2 protein chains.
Amino acid sequence: MHKINYARYIVLGMLSCGPTTGYEVKRFVKEFMSYIWDISYGQIYPTLSLLERQGCATMNEEKTGGGRPKKVYQITDQGLTELQAWLRGPETKEYELFLKLCFGSLLTPDELIPKLEAYRRKREEELPIMEEWLKTMESGPVMGPNTPYYLLLTKFGFDYFHLEKEWCSQSIETLKKLE
Amino acid sequence: MHKINYARYIVLGMLSCGPTTGYEVKRFVKEFMSYIWDISYGQIYPTLSLLERQGCATMNEEKTGGGRPKKVYQITDQGLTELQAWLRGPETKEYELFLKLCFGSLLTPDELIPKLEAYRRKREEELPIMEEWLKTMESGPVMGPNTPYYLLLTKFGFDYFHLEKEWCSQSIETLKKLE
DNA sequence: AACAACATGTAATAAGTTACATGATTGG
DNA sequence: CCAATCATGTAACTTATTACATGTTGTT
């Protein structure tokens, strides 16, 4: 099991939306994905040139008057194939599904729905376990002086899992209508 | 601005709860913090021995019959001082506050409350911005074919920020009663 | 007999951050 | 004229993951 390189898929995904530059990738991620993803120039630029060397993207320089020329990257068939293989493959990390959803139009709703169902099922299994923890913590200082603080966090975790579960259900319904 | 080493503070925090071993740290994090934190043995054991070398912890070997002896680590005054300095200091990363809360008993409620208030304020400022995005995305395919998928994610983000905001308010009230 | 849990650790590798370096253009 | 934004990139560093290595004890 190898590590997943989020940066690579963020960049590849952005490229799949149309020709773009490193600067624009950063802007987009900051503006519309900042509450869940981040990416730094130190990842973007090396990733972009690696992608080019590997045949996943092509580059065109655009002269902009006096300034530094823009480097506009475009995804290739090979890049698209790799992106789709990742999108279709299994999620190995928490939240990987959220990133995949950003490029959801590259899959059909019925490829996405089972993934959302699996995610929901996982949360459904975890919720009663968290409820147990809550009861344990409420019944006594089982975790020493930090118990009241863990309790706050666990309450948050419980509500958070519940939110994810509900969101999955709603999203599944929305995707079914899109089909 | 330097990177924060979560692993170091997770281990230091666990040590502040009483003498413990690397194996136990892993177990605890997995059992009670897994929905938000993770830590691997590849981080735990080197961190533990670094902490010892730096005078933040002391180690005692406990022979357990035939098996490999347990290495029980205990936090020192220096380690506690470092932990508290971090707890009192500013949060530089998203979710750092959640980790600090795990060891909340080392601070007074009125040291924690302003931190929660600041976090809530941040979310209160971001919520109307996300509401704007939602309107923008609902009014047309502003982000190409991925728009319906971004919309799902942004809805989640909005509800999530709302949840965090509400949780802050409830936690602040709980902490006020603890005072 | 097999398997999970207890228990510690290292080496190779990968992923991500920060600080730095450079310079044009646009708006107030 | 100053600050922000546009625009690209590198080097040093830190942080984290994975796979491997080893062996015991308790449970089924």
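Residue numbers start from 1 in every chain, and the chains themselves are labelled A, B, ... in the order their sequence lines are given, proteins ahead of strands. Every value quoted in this text rests on a predicted model; they were computed, and no experiment measured them.
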Do A:Glu117 and A:Arg123 sit within salt-bridge range, that is, some charged N less than 4.0 Å from a carboxylate O?
no
Could you state the CG-C1' distance from A:Asn5 to D:dT17, rounded to the nearest angstrom?
13 Å
Heavy-atom nearest nucleotide on DNA chain C for A:Ser40 versus B:Val72: which residue maps closer to 5'?
B:Val72
Determine whether a donor-acceptor pair (N or O, by modelled atom type, separation under 3.5 Å) exists between the side chain of A:Asn60 and the backbone of A:Val72.
no
Distance check: side-chain N/O of A:Lys70 vs OP1/OP2 of D:dA7, anything under 4.0 Å?
yes
Check: A:Asn5 side chain, A:Arg8 main-chain N or O, donor-acceptor pair, under 3.5 Å
yes
Within the structure shown, what part of the strands sits under 4.0 Å from A:Lys26 by heavy-atom distance: base, sugar-phosphate, or nothing?
nothing
Could you tell me how far apart B:Ile44 (CD1) and C:dT10 (P) are, to the nearest whole angstrom?
14 Å
In whole angstroms, how far is the P atom of D:dA16 from the CZ atom of B:Arg8?
12 Å
Show the nearest heavy-atom pair for residues A:Leu175 and A:Pro109, with the distance to one decimal.
O-CB, 3.6 Å
Rounded to whole Å, please give me the gap between NZ in A:Lys93 and P in D:dT17.
7 Å
Could you give the CZ-to-C1' distance, from A:Phe28 to D:dC6, as a whole number of Å?
19 Å
For A:Glu52 and D:dT8, what is the distance between atoms CD and C1' respectively, to the nearest whole Å?
14 Å
Report yes if at least one side-chain N or O of A:Gln43 is closer than 4.0 Å to OP1 or OP2 of C:dA15; otherwise report no.
no
Between the side chain of B:Gln78 and the main-chain N/O of B:Gln54, is any donor-acceptor distance below 3.5 Å?
yes
Side-chain contact check for A:Tyr41: nearest option of D:dT8, C:dG16, D:dT17 is D:dT8
Does the side chain of B:Tyr23 get closer than 4.0 angstrom to OP1 or OP2 of C:dT8 through an N or O atom?
no
Atom CZ of A:Arg27 to atom C1' of D:dC6: distance rounded to whole Å?
9 Å
Within the 4.0 Å heavy-atom criterion, would you say B:Ser49 contacts the bases, only the backbone, or no part of the nucleic acid?
nothing
Output the rounded distance in Å from CD (A:Glu61) to P (D:dC6).
20 Å
